[in-house]
Structures are given as C-alpha cells and as structure tokens.
Amino acid sequence: LMLRGNCPSYRRNTKVQHHLRCKKSYQRDLPRHKDDHPIRTYHEPLSRDDTIFSLASGSIAKSAVAIIRVSGSEAKSAVLALTNRKDLPQERIATLTNLYSPINGEKLDRGMIIWFPGPRSFTGEDVVEFHLHGGRAVIADTLAALGSIPGLSVAKPGEFTRRAFQNQKMDLMEVEGLSDLINADTEAQRRQALRQFEGKTGEKFKEWRKTLLTHLAHVEAVIDFGDDDEIGYEVARGVVPKIQELQESIKFHLEDGRRGEKVRDGISIGIFGSPNVGKSSLINELAQRDVAIVSSRPGTTRDVVEVTVNFAGFPVIFGDTAGIRESEDEIEMEGISRAKKRFFDSDIQLCVLDVNDTGDSAEIYEFLNPKVVAVLNKIDTEDRIKSAEIYRKILERGVLPEKIFKISCKTKAGFQEFLAGIQDLVQKSFETTSQETSLITRARHRQELTSCLESLENFQDMMSMDDILLAAEELRSAIKCLGRISGRVDVDEILGVIFSDFCIGK
C-alpha cells in the first residue's frame with residue numbers, strides 16, 4: 001500500500017477520511033506471524049533431518065495389538081535395523097516378520113510391518129508402522145530399540161500431523177477436524193469432525209477465496225492495464241454486485257446460532273426454578289447418577305452443578321442451579337445470582353415448577369417466555385385445580401404448549417415423554433445435514449470470517465469513493481482472512497487468474 005503512495009490517483013485524494021481509511025487498512029494488514037512467506041503456517045518449522053517415532057495406538061497399556069509409527073528420512077534405517085533385513089519390504093503390504101533389538105540382537109516380538117514411502121504417506125515423508133503385540137514390555141522394549149538408532153527421536157504431541165500439514169497433505173481445517181474426530185464423544189461430534197477432516201467443511205471457504213481471487217484479478221487488471229481499450233473502469237465496477245452476493249453468503253453462515261461450536265464444545269441446558277421443586281432430582285435422573293444433593297431443606301444447591309451427557313447423540317451440559325427466592329444469606333445470594341446468569345447464558349432453558357405451586361414461584365414466572373421449556377414436577381401428588389391454574393399462568397407468559405411437560409421425578413411418570421420432547425428440541429436446534437454443514441466450528445473461524453466481512457464492506461466504501469487502489473487492498477485483506485482459516489496464504493495465485501481471464505498485451 002505504501003509503495004503505491006506516489007501514484008497520481010493516490011496523490012489526488014487528499015481527504016482526511018481517505019487518510020484514516022488508508023492508515024486503518026495498513027495497520028490491519030501488518031504481518032500477524034513471525035514468518036510472512038507465501039505458504040503461511042502457524043508454528044515454527046521442523047528440522048527436515050529429524051526422524052520421529054511414537055506409539056500411535058494410545059497409551060501404554062495391555063492390548064491385543066499396538067502400533068508404533070516412524071516418520072522421516074531414517075524410517076528405512078529403522079525397518080532394516082529392527083528386522084535384520086537387507087532390503088525394504090513391499091510398500092503398502094503387511095509383512096510378517098521377527099523384530100530384533102539393535103542394542104543386543106535379542107528378539108523382541110513377531111509382528112507385522114507396513115512400509116509407506118513418501119510422499120504417499122500420512123506425513124508425506126517415509127513412514128513405517130510396526131504392528132506388535134500390545135504387552136507393556138513389548139512396547140517399551142521396541143520404543144527403546146528405536147531410540148537407540150542414530151537420527152531417531154521421540155515425537156512430540158501432534159508432531160506427525162504437524163508434518164502432514166507442512167507437507168501440504170492436510171490444511172489447517174482438516175488438522176482441526178482430525179483433532180475433533182479423535183476427541184469426539186458423541187455421534188453429532190463425530191459426524192461434524194469427520195466432515196471437516198475429509199475437507200467437506202472447507203470447500204465453501206475455498207470457493208469464496210477462489211471467487212475473491214478472480215474479482216481481485218479483475219480489479220488489479222484495471223489498475224495495471226487500465227489504458228487498454230478492453231479493460232476499462234467498468235470492469236472493476238462489475239465486481240461490486242458480485243462482492244455483495246458474497247457478503248450475503250458470509251453473513252448467512254455467521255448467523256448460524258453458533259451451531260458448529262456448540263456441537264463441538266457442548267450444548268448448554270440450564271435447569272432453573274424455585275427451591276424444592278425437584279431441580280436436583282431432575283438432573284440426577286438425566287445423568288442416571290447422583291450428581292446433585294437432594295434435600296427437603298431449601299437452599300441446598302448454592303453453586304451451578306454441571307454434568308455432561310451424551311443426549312440423543314449430542315454433547316449436552318446440564319446445569320442445576322440454586323433455587324430462586326428472597327434470601328439474606330450472602331452465599332445463597334451469590335448462588336442465586338449465578339443461577340440467573342446461567343439461565344440467560346443457556347442454549348435451552350428448563351424451568352421446573354411444583355405442579356401444586358402455592359405462590360412461592362411468583363418471581364419465576366417473570367423468566368418464562370416462548371423459548372423456555374416448562375417442567376411441572378410432582379404430578380404424583382397433583383391437585384388438578386391448582387395445576388390447571390399454573391398451566392394457565394404458564395401459557396399467559398407465552399410458553400408454547402408443546403414445551404410444557406408434566407412429570408414425577410419420584411415415580412418417573414411422564415419422564416419418557418419429557419425426554420423425547422427435549423431430544424426433539426435439541427435435534428431441531430443443532431442437527432445439520434450434509435447439505436447444510438456447519439462451516440464454523442471454532443472461534444478463530446468466526447473471527448476470520450468477521451474480519452473478511454469487514455474488509456468486503458470497506459471495499460464497497462472504497463469503490464463508492466472511486467478509490468480503486470484501496471479497494472484492491474481491501475480485497476487482498478479479505479483473501480488473507482479466508483486463507484488463514486485453512487492455514488495457507490498464496491498471493492501468487494492472482495497472476496494465473498489475470499492471464500486466464502484477460503489477453504494482456506493483445
């Protein structure tokens with residue numbers, strides 16, 4: 001941007017607003033990372049001479065099979081040293097062989113080895129996998145044998161995947177998807193992580209970036225070759241409506257209710273109500289174990305008690321809160337304050353009431369609204385006249401009839417209908433199909449998309465001021481934001497688009 005400060009169009013624009021926008025754009029586009037090379041990575045580069053090894057099948061414990069992975073230029077040395085072979089086995093074929101210690105020649109085990117020569121391997125380097133019996137001694141002695149080979153060192157956490165990223169076998173979103181897949185506890189988390197790991201989630205980001213590169217190429221062509229009869233200012237003008245369409249698409253995905261992040265991190269369901277209405281009994285039933293103290297004494301729960309449950313295939317964090325009432329106890333007052341905060345922060349709000357409420361829940365009704373699920377507990381002692389009055393009050397507060405459930409935590413009456421209703425609500429709120437995959441699964445994705453949208457809005461402002469130079473800078477900034485999501489920023493891609501779309505020098 002500063003290198004173009006001497007061009008005529010830049011000198012002509014002397015408005016203060018232009019100067020401020022220029023300064024803002026320049027500061028935003030300063031390099032954010034230590035190394036600002038075409039392929040930008042988010043970590044220090046590894047030494048290519050290092051060959052790493054590690055147990056790939058989990059913690060060292062008794063198991064039927066254990067897998068030890070080796071990656072790097074000395075992987076072939078590891079194969080020859082542990083098998084006493086003179087040549088490498090056939091690639092990608094499981095080969096049964098004896099394994100020996102290069103330290104003393106002792107036989108360690110009889111297992112299989114699979115040889116993956118680079119770049120057709122997980123890391124892009126030479127890789128060998130040793131499939132052994134899963135005894136602790138076998139694993140420990142084999143790891144010690146590998147450690148004795150010159151040039152081999154124990155891998156750090158995530159180092160195999162890091163090398164796969166550096167060798168462009170995976171982009172950053174796929175790396176994150178792999179991490180989420182390994183850590184997935186529920187069906188919904190597994191489905192979402194697998195789509196991201198397979199690259200399906202990132203396809204939309206790549207499509208947006210490719211579109212922006214094309215539009216930037218057109219704007220750059222006007223800047224550099226505007227004197228050509230075939231490339232007038234109207235070419236840059238034609239980009240404006242297309243950028244508007246892209247802005248609407250990005251806005252749509254930013255307004256997704258954070259579904260992807262909530263499926264990954266857990267869906268919050270807050271349990272709220274007056275003292276002694278059965279909130280703790282309810283969370284114990286939902287968790288299928290005792291996580292909260294149940295007592296007839298009011299004010300037993302002082303803090304938020306949380307439990308994470310695999311609920312209808314989704315990770316759900318149920319939170320039992322302190323009963324809402326007037327209190328002079330300092331600790332209980334703090335618990336009530338936290339309960340109210342948790343109520344408003346929850347993705348789904350469960351309000352528990354006594355079906356025979358005598359008026360103690362008057363304050364609770366103020367929190368009811370169409371988004372709240374009302375749970376009338378203790379129907380085993382139901383007074384039909386009182387319960388009908390409570391039902392009427394709940395409807396008056398806007399709670400939908402399909403969100404009102406009558407249960408008994410003591411006899412389990414109505415509980416299956418209640419569970420089915422909550423499961424249906426969770427699925428409708430957070431389930432996605434292959435056609436509507438959640439693009440945003442982490443906070444950094446949302447941050448970069450928000451920055452991208454800001455740059456596109458600035459582009460529109462610059463074009464309305466006929467400042468094509470700063471408009472191009474804003475497009476570059478937007479492209480960088482999308483590139484940072486996948487972990488790669490290649491500024492030379494623009495050149496190929498220019499020469500394919502325009503006959504420069506014709």
Side-chain angles (χ1 to χ4, degrees), residues 46-167 169-170 174-175 177-185 190 193-194 197-198:
L46 293 170
S47 171
R48 296 297 179 183
D49 297 330
D50 290 343
T51 296
I52 56 174
F53 67 92
S54 177
L55 181 65
S57 53
S59 60
I60 299 180
K62 291 181 181 180
S63 60
V65 177
I67 301 174
I68 294 176
R69 178 184 289 165
V70 183
S71 178
S73 58
E74 294 300 320
K76 61 184 67 176
S77 299
V79 174
L80 301 178
L82 265 67
T83 61
N84 287 341
R85 297 169 63 103
K86 294 183 179 179
D87 55 357
L88 294 170
Q90 186 175 354
E91 63 183 64
R92 290 177 177 75
I93 298 294
T95 304
L96 184 64
T97 183
N98 292 326
L99 300 176
Y100 301 91
S101 170
I103 302 172
N104 54 22
E106 181 183 2
K107 184 176 178 180
L108 298 174
D109 193 18
R110 182 169 176 80
M112 293 189 301
I113 58 172
I114 306 178
W115 168 245
F116 302 93
R120 296 177 59 198
S121 68
F122 173 72
T123 63
E125 304 172 328
D126 289 345
V127 171
V128 61
E129 289 183 355
F130 296 91
H131 293 240
L132 317 168
H133 292 100
R136 291 189 180 92
V138 174
I139 296 172
D141 290 345
T142 305
L143 291 174
L146 289 170
S148 70
I149 300 174
L152 269 67
S153 59
V154 177
K156 298 176 182 177
E159 197 166 353
F160 288 97
T161 305
R162 178 183 292 184
R163 292 193 175 196
F165 172 58
Q166 287 181 316
N167 291 322
K169 305 293 288 187
M170 308 167 67
E174 291 167 351
V175 169
L178 176 58
S179 174
D180 291 345
L181 185 61
I182 293 172
N183 292 297
D185 293 320
R190 175 189 57 77
L194 186 59
F197 172 57
E198 292 178 337

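Excluded from the calculations below are hydrogen atoms, water molecules and symmetry mates; all remaining heavy atoms, backbone and side chain alike, are included.
Residues Thr123 and Val127 approach most closely at OG1-CG2, 3.3 Å, considering heavy atoms. When all heavy atoms are compared, the tightest approach of Ala56 to Arg69 is CB-CB, 4.1 Å. The two atoms that bring Ser54 and Phe160 nearest to each other are CB-CE1, 3.8 Å, heavy atoms only. Closest approach of Gly72 to Arg163, counting heavy atoms only: CA-NH1, 4.2 Å.
Every side-chain contact (heavy atoms from CB on, under 4.5 Å) that Thr161 has, sequence neighbours left out, goes to Phe122, Met170, Val175, Leu178. When the side-chain hydrogen bond (donor to acceptor under 3.5 Å, both in side chains) test is applied to Ser121, no partner is found at least two apart in sequence or on another chain. Partners of Pro119 according to the side-chain contact (heavy atoms from CB on, under 4.5 Å) rule, which considers only residues two or more places apart in sequence or in another chain, do not exist here. Checked against salt bridge (charged side-chain N to carboxylate O under 4.0 Å, His left out), Arg190 has no partners two or more places apart in sequence or in another chain. With sequence neighbours excluded, no residue forms a side-chain contact (heavy atoms from CB on, under 4.5 Å) with Ser63.
Taken from CZ in Arg85 to NZ in Lys76, the straight-line distance is 14.5 Å, to the nearest 0.5 Å. Here the CZ atom belonging to Phe197 is positioned 7.5 Å from the CD atom belonging to Glu174, to the nearest 0.5 angstrom.
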Please list, one pair per line, the donor and acceptor atoms closer than 3.5 Å that link side chains of residues 128-135 to other protein atoms, with sequence neighbours excluded.
unit_1, atom_1, unit_2, atom_2, d
Glu129, OE1, His131, NE2, 3.2
His133, ND1, Asp109, OD1, 2.9
His133, ND1, Asp109, OD2, 3.2

Ignoring hydrogens and angles, write down the donor-acceptor pairs under 3.5 Å from the side chains of residues 93-107, residues two or more places apart or on other chains.
unit_1, atom_1, unit_2, atom_2, d
Thr95, OG1, Ile93, O, 3.2
Asn98, OD1, Lys107, NZ, 3.4
Asn98, OD1, Arg110, NH1, 3.0
Asn98, ND2, Tyr100, OH, 3.4
Ser101, OG, Ile103, N, 3.1
Asn104, OD1, Glu106, N, 2.9

Which donor-acceptor pairs under 3.5 Å do the side chains of residues 138-155 make with protein atoms, sequence neighbours left out?
unit_1, atom_1, unit_2, atom_2, d
Thr142, OG1, Val138, O, 2.7
Ser148, OG, Ala145, O, 2.6

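Under the 3.5 Å distance criterion, the side-chain polar atoms of Asp126 are left unmatched by any main-chain donor or acceptor of Ala75. A donor-acceptor pair under 3.5 Å is formed between the side chain of Ser57 and the backbone N or O of Ile67.
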Go through the steps to decide whether Glu125 and Phe116 satisfy the test side-chain contact (heavy atoms from CB on, under 4.5 Å), and finish with yes or no.
CA-CA 8 Å; Glu125 304 172 328; Phe116 302 93; over 6 Å; no
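Looking at heavy atoms from C-beta onward, Val70 lies out of side-chain contact with Ile52 at the 4.5 angstrom threshold.
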